[in-house]
Amino acid sequence: MTSNTAPASNPVPTPPAGEEPQIQIFLRKIPLLAELTPEEMAAIKPELRIRHYAKREVVLHKGGSGDGLLFLLSGSLQVVDITEDGRAIGLRMLVPGDFFGEIALINGSTRSASVVAMSDVLVAFLPAPVAMNLFSHSPSVARQMLRHLAQKIQRDSEFRALLSINNTSKRIYSYIVLMQKKDADGTVVENLPTHQDIANMINTSRETVTRALLALTQQGIVQKEPHRLIIKKPDELQKLVQSE
């Protein structure tokens, strides 16, 4: 790792002892970088700046410059926007392997939203010139970026449709369906946001979210575990979403 100096507003802490050998492993778990050749990986690794942020610390500020591409290595982040009356509206969650800051980077524009740490996080920052060169010269990265942008458009469209639902309970159920994924344990929502964060994202109250999740738990439709939700009866959840 080189001793590149980060912008003054984002000091680069020294990685804890023993962490440096893990960076290569972290990078291979990032879908955007997973197919890089050993030579390509060796070329970008010295350019990466590893940063640590504490829970609730702002990682990116809305209106900041698109000076690089960022990768979440560990922990969880939330993309938020601030309304005119000062309320923070959660837009989406980021989990390890996700990258962010690509729109401002590609457009040469300012950041369109802020990113806040929901736990202690480890983030890798790749300066804009290196990232843009990667987009231009690595076919695997270009393919992954196009796929990512297409999925992002679809996800944003689905989220706008979710926010248009008048019934708050159905909005919560639809949010869970939108966030669920398949894994070895079945259908799950990993890195489940707090009830308040969910409420912020879908424009309702924390109490409403708590009541809706409690009702789903009591009906045996979901099982709540620390930081995740197991969907025990996906079909029943879907029926609630589609009910009149």
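Because only heavy atoms are used, hydrogens play no part in the values below, and waters and symmetry mates are left out as well, while side chains stay in.
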Taking side chain as C-beta onward, heavy atoms only, is [X] less than 4.5 Å from [Y]?
| X | Y | value |
| --- | --- | --- |
| K181 | E190 | no |
| I44 | V130 | yes |
| L192 | I198 | yes |
| D197 | M118 | yes |
| V116 | V79 | no |
| V209 | R206 | no |
| L126 | E47 | yes |
| I50 | V123 | no |

With rounding to the nearest 0.5 Å, note down the distance linking [atom1] in [X] to [atom2] in [Y].
| X | Y | atom1 | atom2 | value |
| --- | --- | --- | --- | --- |
| K233 | Q238 | NZ | CD | 16.0 Å |
| L237 | L240 | CG | CG | 6.0 Å |
| M201 | L178 | CE | CG | 10.5 Å |
| L216 | I172 | CG | CD1 | 8.5 Å |
| R228 | E225 | CZ | CD | 4.5 Å |
| L149 | I106 | CG | CD1 | 5.5 Å |

> Stepwise, does the side chain to side chain contact (heavy atoms under 4.5 Å, CB included) test hold for T208 with S205?
Replying inline: CA-CA 5 Å; T208 301; S205 68; 2.7 Å; yes
Might you point out which heavy atoms bring [X] and [Y] nearest each other, and give the distance in Å?
| X | Y | result |
| --- | --- | --- |
| N167 | K170 | OD1-N, 2.9 Å |
| V241 | S174 | CG1-OG, 3.4 Å |
| V189 | I176 | CG2-O, 3.8 Å |
| A131 | L69 | CB-CB, 4.0 Å |
| G97 | P31 | O-CD, 3.3 Å |
| T187 | P234 | OG1-CG, 3.8 Å |

Donor-acceptor contact present, side-chain [X] to main-chain [Y], <3.5 Å:
| X | Y | value |
| --- | --- | --- |
| E57 | Y53 | no |
| S164 | A161 | yes |
| E40 | T37 | yes |
| K224 | T217 | no |

Residues two or more places apart in sequence or in another chain: which of them pass side chain to side chain donor-acceptor pair (under 3.5 Å) with [X]?
| X | result |
| --- | --- |
| S109 | none |
| S65 | none |
| E35 | R143 |
| R171 | none |

>> Do S136 and N133 pair up side chain to side chain, a donor and an acceptor below 3.5 Å, judged on atom types alone?
In response: no
> Is NZ or CZ of R49 both nearer than 6.0 Å to the six-membered ring centre of F125 and within 45° of the ring axis?
Replying inline: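 Geometry flag: not set, cation outside 6.0 Å or 45°.
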Name all residues meeting the side-chain contact (heavy atoms from CB on, under 4.5 Å) criterion together with [X]; count only those two or more places apart in sequence or in a different chain, and write none if there are none.
| X | answer |
| --- | --- |
| S119 | S76, V121 |
| S114 | K62, V80 |
| P96 | L72 |
| K232 | Q223, I230 |

>> Between Q78 and V115, does the side chain to side chain contact (heavy atoms under 4.5 Å, CB included) criterion hold? Intermediate values first, please.
In response: CA-CA 6 Å; Q78 186 176 36; V115 178; over 6 Å; no
>> Strictly by salt bridge (Lys or Arg N to Asp or Glu O under 4.0 Å), give each pair with a member in residues 102-126 just once, sequence neighbours left out.
In response: D67-R111, E102-K152
>> I need the full list of salt bridge (Lys or Arg N to Asp or Glu O under 4.0 Å) pairs touching residues 122-138, with sequence neighbours left out, sorted by first then second residue.
In response: none
>> Using the ring pair (Phe, Tyr, Trp, His ring centres under 6.0 Å) criterion, which residues pair with F100? Sequence neighbours excluded.
In response: none
Let me check something: do [X] and [Y] share a hydrophobic cluster, defined by ILVMFWY side-chain heavy atoms less than 4.5 Å apart, either directly or through other members?
| X | Y | value |
| --- | --- | --- |
| V188 | L229 | no |
| I165 | I202 | no |
| L70 | V95 | no |

> Could you give all pairs that pass the ring-ring contact (aromatic ring centres under 6.0 Å, His included) test and reach residues 143-199, with sequence neighbours left out?
Replying inline: F99-H148
>> Run the side chain to side chain contact (heavy atoms under 4.5 Å, CB included) test on L214 and R211 for me, step by step, so that the C-alpha distance in whole Å, both residues' side-chain angles and the decisive distance to 0.1 Å come before the verdict.
In response: CA-CA 5 Å; L214 179 59; R211 284 196 299 269; 5.7 Å; no
> Please walk me through it: do L163 and R160 pass side chain to side chain contact (heavy atoms under 4.5 Å, CB included)?
Replying inline: CA-CA 5 Å; L163 292 177; R160 283 193 297 272; 5.7 Å; no
